[in-house]
Each structure stands twice: as C-alpha cells, then as structure tokens.
Amino acid sequence: MTSLVGLFDTRLEAPVRVGRWTILILFGTIAALELATALFREINWDEFHFLSLVFEYKRASLSLALQTFHVHLFSWLTLLPTDEIGAIVIARCLMWLLHLTTLWFLFKTAENLVSIRGALWATVLYATLSFVMRSATSFRADPIITALLMGALFGLTRDRLPLRLLILSALAVTFAGLISIKSVFYVPTITMVATLQLVRIHDKVLLRNMVIALAIAVAAFASLFLWHTASLAQVVSQAGNTLTSVYNKQLVDSNLFYGARFLAYSLAVDALQWSVICAGIGLAVARAITNSGAERLRALTILSFALPLLCVIFYRNSFPYFYVFMMAPVAVVGALAADKLGSLSKILGAIPLIFVALAVGHAIPEFQRGQSAQQSLISAVHQIFPDPVPYIAQTGMVASYPHAGFLMSTWGIEEYRNRGEPVLLHATEKERPVFVIVSGPALSAALEPDAELANEDEGLLPADIAALKENYVRHWGPIWIAGKQLPATGGLEATFAVHIPGPYSVTTEAPVEVDRRLVLPGDVVELTEGIHSYRGGAATLRRGRNLPVPTREPPTAIFTGF
C-alpha cells in the first residue's frame, strides 16, 4: 500500500530538511505568544457565557441540551477557590494545550499529504493568522472541536487505515458534534477525504470498516446525547425546535457574507498568509485538471481541505473566533505552495519566519486589552454581594450567581425582538434579580442617560426599558441595584410599587415617611412586594442593608470587542 505522500508518480520538489532549531524557535515563539494571550488578554462576553452554562448545570438549572455537553468536561471549574476570571484563565490554559494539539494534528496531516516543509508552512501559517492568535486559547467550543476534528482528519489521511483508527476518528467527530453543531461544517471535507481514500485503496474491507466506524459513531452520539439530556434537572428545551431555529437563523435567514467586514480585515492584515493559501488552491486545481490517476486523487484530497472557506458565504456567525475553527483545515492547502515557493528563492523560503514576525507585531497591541476592568467589576460584585443573588447582564458574567433574563448577543437580541416578549419585565416579577450589570449596548441604552444605539432594532423592548428604569438605581459604575428614585412629594402622600421585596436602605437628607412610619437617613426598611406609600423630600431606596460601595474608580468599558 503506497503512502499518500507518494501518490504523485513524479515529485518536482526535492526533499528539504528543516533545521531542528528553526522549528523550535518558530513554534516556541508561537506557543509563548498564545500562552501570554491566554493568561492576560481581555475575556470576551461569550467566554463568560460558556462558563455560566457550567455553573447552571451544577445548580441544576440548565435546560438546554444542544451545545452544552462541555458542562461535563468542565464541571470541576466550579470547585476552584477563585473567581470567574481565575476560572476562565485556568480553562484557557487547557485551551492552549488543545491548540498545541491542533497544531500537531495539522502538521502531521500536511506531512501525510505534501512534505515536511509544506507541513511546517501550513502549521505556522495557521497559527499566525491574526484572528487565530487572538482567539485560539479562548474558553469557547471552537478550540475544543477544532482539535477533535483535525485529529479525525489526521487519522483519515494516514497511509494505513485499520478499524481502530477509523473508530477513533469517528468518535472524535462524535464528541465534536456533541459540543457544537457547527462541527457539521467539517463533514464535507471528512466525507471527501474518506471517499478519495476508498477510491485510492479500492478495498471492500476498508469500506466495511468505515461503515462499522460510522455506525459506532452514530450510536455513541445518540447514547451520549440522551445521557446528557437525562442529566439535566429542568425540562429540556425541544432539541428539534432549537436545531431548526439555529439552522434557519444561521444559514437560511442570514444575509450572505454577514461577516464580510471580518473577512476583509483578515485579508488585509494577513495578506501574506492568504496569498500562500490562494497559491495552494491554484496549484491543487491545476494538478487536479492536468493530471490523472493517483496524482489527481492527491490533488483533490488537498483541495477538499479548502471547503470550510465556503462557510464565510452563508454562515452568520463568521466572527473572528470562527477563524480558529475554519482555517485549520484550509491551511493544509497552503502547504502545497510551500515547496514551489521555497524553491524559487531563499527570501520566499523564509516566509514562515515572516509569518511569526508579523504575528509578534499583531500580538503586542492585543496585550494592552487586559483584564483589569473585568477583574475590577467582578471583585466589586463579590464585595457588594458576598452570597449569590440573581442578576441581569448582557451575559452570565458572574457565572457563580444565577443569571436572569437572556443572552444579549446580536443573535439573542434579534430572537428576543422577533418574539416581542418583555423578558426582563417578567424576570423582575418572577426571578427578582437584585442587580444589573450594564455592560452591553442594549442595557447601556436602556439605563445610561447619554448612551445611544446605532440601530434601534438592537435595543430592548419599551416594556423592558421601563421595567429597568423603574426598578433599578446606580450603585457603582456599571452596577445598578434594585431600588427606587422617589421624588419629593411636597407634603402630600405618594405611592410606589415594589417588585423585588426585601430590606431597602434609605438615602435622603432629612427624615421621611415610608408606609406612614418615620424613617431616618441610612435606616433600613423591609418592603414587601406590592404598593407602598411615601411622604417627604427626595430619597433613594437601594435593596440591601447599606451595601458597601467600592472606593476604587469604576471601569468605563468592560468589553472592547472580539
């Protein structure tokens, strides 16, 4: 049985030996930059959401079965003696190890198909893409499923394909699919590679083994999904309806090239890497057209690794973090250009060094987007509320506390406005969130006096805006606490409604009357849900017993983008 590397009957490119020190310097620099990113870079809002799902599962309040399988892998994070920032940083270190695993699988896959030099180029090309440098170690599904799926592709491009290797590759796809349904975007590439292997080897035993591996994978997926569903304490959302909603929103109803601005940025900033990829695609197409037999099979196999690029056209969430997932197989196509470009001149042969130098330049500004503002906010929440209480925020930023409301991503806001249901109003009446973190544009526009939305369709419903304004007052920076701003009554008796019962601290310049009882400045009154009376000058009621106010300056920006 011939190796895929030997599928070309004639190889124009001579084997090239890559120095060990060159490899160590290149990958050592990349690994160090990625680790520094994992430790110090600002945490994105969806990383907090990813962690909050783990805490929801431990609180037995998780009700969504799809794309939440990771809660079983990371439930130990809830036991760590650290806050949410520390937990995510620790999880990011694991993502860093998974990213290194992805790089290894990418290298070995490209080596199976092209050459050692091509494998080196492909791996460095992928690792130094600006969006990959930013997000490869983020606490998201993408680094996990990318490692699993690249492992599956590595297994399928090996010279020999025993049954155990096929089963391992199929199970890797299974676990990736359980963690994120976007894993389906690798299926065309996996199918093409497997089909071309069948054509190359032309062995009925291999076909039988592939069918067995596929059957095992399907059975494993069904069994694990049912087990995961049964482990959720709440009534599980209908998976079929949820899947249909995701499909319609992300593929059918989405505008083409929804993430075009991010693609344009990548094409500009990573122009050298994209040039190599385009050269590889061109070579693969040319060889598939002009050659036949084994040579054409190998060219088609390499070309199939470019299929995930089509996701940019129709997939709504083609955001920067998606490039970690999308570009790993695509980089393999760039390996085909390595030997051809490297043989033209020594300067072109040094392109991987240029990749790394550019990556260092891109990484340095990213380290200025640190975690200090987020750490300040998280610390303030734990200082003001030592015990978990429900809250409203753009995302589950304080994962150890129950998050009320909904996830205010762009997709979440669109779904929320399409339903037309005042979710936050209902939350104040049922879940009674004690505080609000004003971190996203929708919440800022609702509560901050000077904040405005560029597009009104990205804001909250009027009923929810009214509920927030009527039931919360600013306490410290972006933290608003359940309370009331009571205007002076001019000697008359007025009324106000309370939706969130409990003790309320009274801030006023002179004694006032609450429920016809004299209340001094700083006193605490117990207010039940319902209507209460008030008489006196202007006063502010804040839920809690004279809660502490952090002395440090509050942060002005919590999230600065992807």
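FYI, side chains are in, hydrogens and waters are out, and symmetry mates aren't considered; it's all heavy atoms of this structure.
- A salt bridge is defined here as a Lys NZ or Arg NE, NH1 or NH2 lying under 4.0 Å from an Asp or Glu carboxylate O, and R474 with E448 meets this definition.
- Judged by distance alone, the side chains of E529 and H499 never bring a donor and an acceptor atom under 3.5 Å apart.
- Note: F139 and F74 meet the aromatic proximity criterion, with ring centroids under 6.0 Å apart.
- Side-chain atoms of L33 and T128, non-hydrogen and from C-beta on, never get closer than 4.5 Å to each other.
- Pairing each heavy atom of D464 with each of V423, the nearest pair is OD2-N, 3.2 Å.
- Proximity of the aromatic rings of F131 and Y321 is defined here by a centroid distance below 6.0 angstrom, and this criterion is not met.
- Aromatic ring centres of F322 and F319 lie farther apart than the 6.0 Å criterion allows.
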Original post:
What do the steps show when you test I481 against I384 for side-chain contact (heavy atoms from CB on, under 4.5 Å), and what is the final call?
Top reply: CA-CA 10 Å; I481 289 181; I384 298 168; 4.3 Å; yes

Subject >> Step-by-step salt bridge (Lys or Arg N to Asp or Glu O under 4.0 Å) determination, K484 to E470 >> reply: CA-CA 7 Å; K484 295 285 181 178; E470 291 172 7; 5.4 Å; no

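- Smallest separation of non-hydrogen atoms from A467 and Y472: O-CD1, 4.3 Å.
- Qualifying salt bridge (charged side-chain N to carboxylate O under 4.0 Å, His left out) partners for R545, counting only residues two or more places apart in sequence or in other chains: E526.
- Side-chain atoms of T146 and H99 include no donor-acceptor pair closer than 3.5 Å.
- Here CG of N471 is found 11.5 Å from CZ of R432. Values are rounded to the nearest 0.5 Å.
- Among all heavy-atom pairs drawn from P308 and V330, the shortest one is CB-CG2, 4.3 Å.
- With no hydrogens or angles considered, a side-chain donor-acceptor pair links H382 and E84 at under 3.5 Å.
- Between A147 and T102 the shortest heavy-atom distance is CA-OG1, 3.1 Å.
- In this structure a side-chain-to-backbone donor-acceptor pair under 3.5 Å is present from S61 to E56.
- For the pair A538 and T508, the tightest heavy-atom approach, listed with the atom from each and the gap, is O-OG1, 3.2 Å.
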**OP:** Could you walk me through whether V54 and W76 pass side-chain contact (heavy atoms from CB on, under 4.5 Å), step by step?
**Re:** CA-CA 9 Å; V54 177; W76 52 272; over 6 Å; no

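- For R552, the CZ atom counts as densely surrounded, since its 6.0 Å shell holds more than 12 non-hydrogen atoms of other residues, nucleotides or ligands.
- Relative orientation of the Y416 and F406 rings is parallel, given thresholds of 30° and 60° on the angle between their planes.
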Subject >> Full working for salt bridge (Lys or Arg N to Asp or Glu O under 4.0 Å) between E458 and R417 >> reply: CA-CA 8 Å; E458 297 174 355; R417 290 187 65 89; over 6 Å; no

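- Here the closest non-hydrogen pair linking E493 and S533 is CD-CB, 3.8 Å.
- In this structure, H72 and Y57 have perpendicular ring planes: the angle between them is above 60°, well past the 30° mark.
- For H228 and F221, the ring centers are positioned 6.0 Å apart or more.
- R316 and E414 are joined by a salt bridge, as a carboxylate oxygen and a charged side-chain nitrogen come within less than 4.0 angstrom of each other.
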**OP:** Dump the intermediate steps for side-chain contact (heavy atoms from CB on, under 4.5 Å) on S183 and F175, then the final yes or no.
**Re:** CA-CA 9 Å; S183 302; F175 281 107; over 6 Å; no

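- Between the OG atom in S52 and the CG atom in L62 there is a gap of 9.0 Å [rounded to 0.5 Å].
- In this structure, the side chain of Q371 does not engage the main chain of I43 through any donor-acceptor pair within 3.5 Å.
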Subject >> Derivation and outcome, side-chain contact (heavy atoms from CB on, under 4.5 Å), residues M150 and F325 >> reply: CA-CA 10 Å; M150 288 304 297; F325 170 81; over 6 Å; no

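- Proximity of a side-chain donor or acceptor of S138 to a complementary backbone N or O of R140 within less than 3.5 Å is not detected.
- The closest side-chain donor-acceptor pair between S130 and D270 falls under 3.5 angstrom.
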Original post:
Can you check side chain to side chain donor-acceptor pair (under 3.5 Å) on Q383 and S379, steps first, answer last?
Top reply: CA-CA 6 Å; Q383 177 188 353; S379 298; over 6 Å; no

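- Residue N44 holds its CG atom at 7.0 Å from CD of E42, rounded to the nearest 0.5 Å.
- With rounding to the nearest 0.5 Å, the separation of OG in S135 from CG in D142 is 8.0 Å.
- With hydrogens and angles left out, the side-chain atoms of S505 and R542 include no donor and acceptor closer than 3.5 Å.
- For the atom pair F435 CZ and R543 CZ, the distance stands at 11.5 Å (nearest 0.5 Å).
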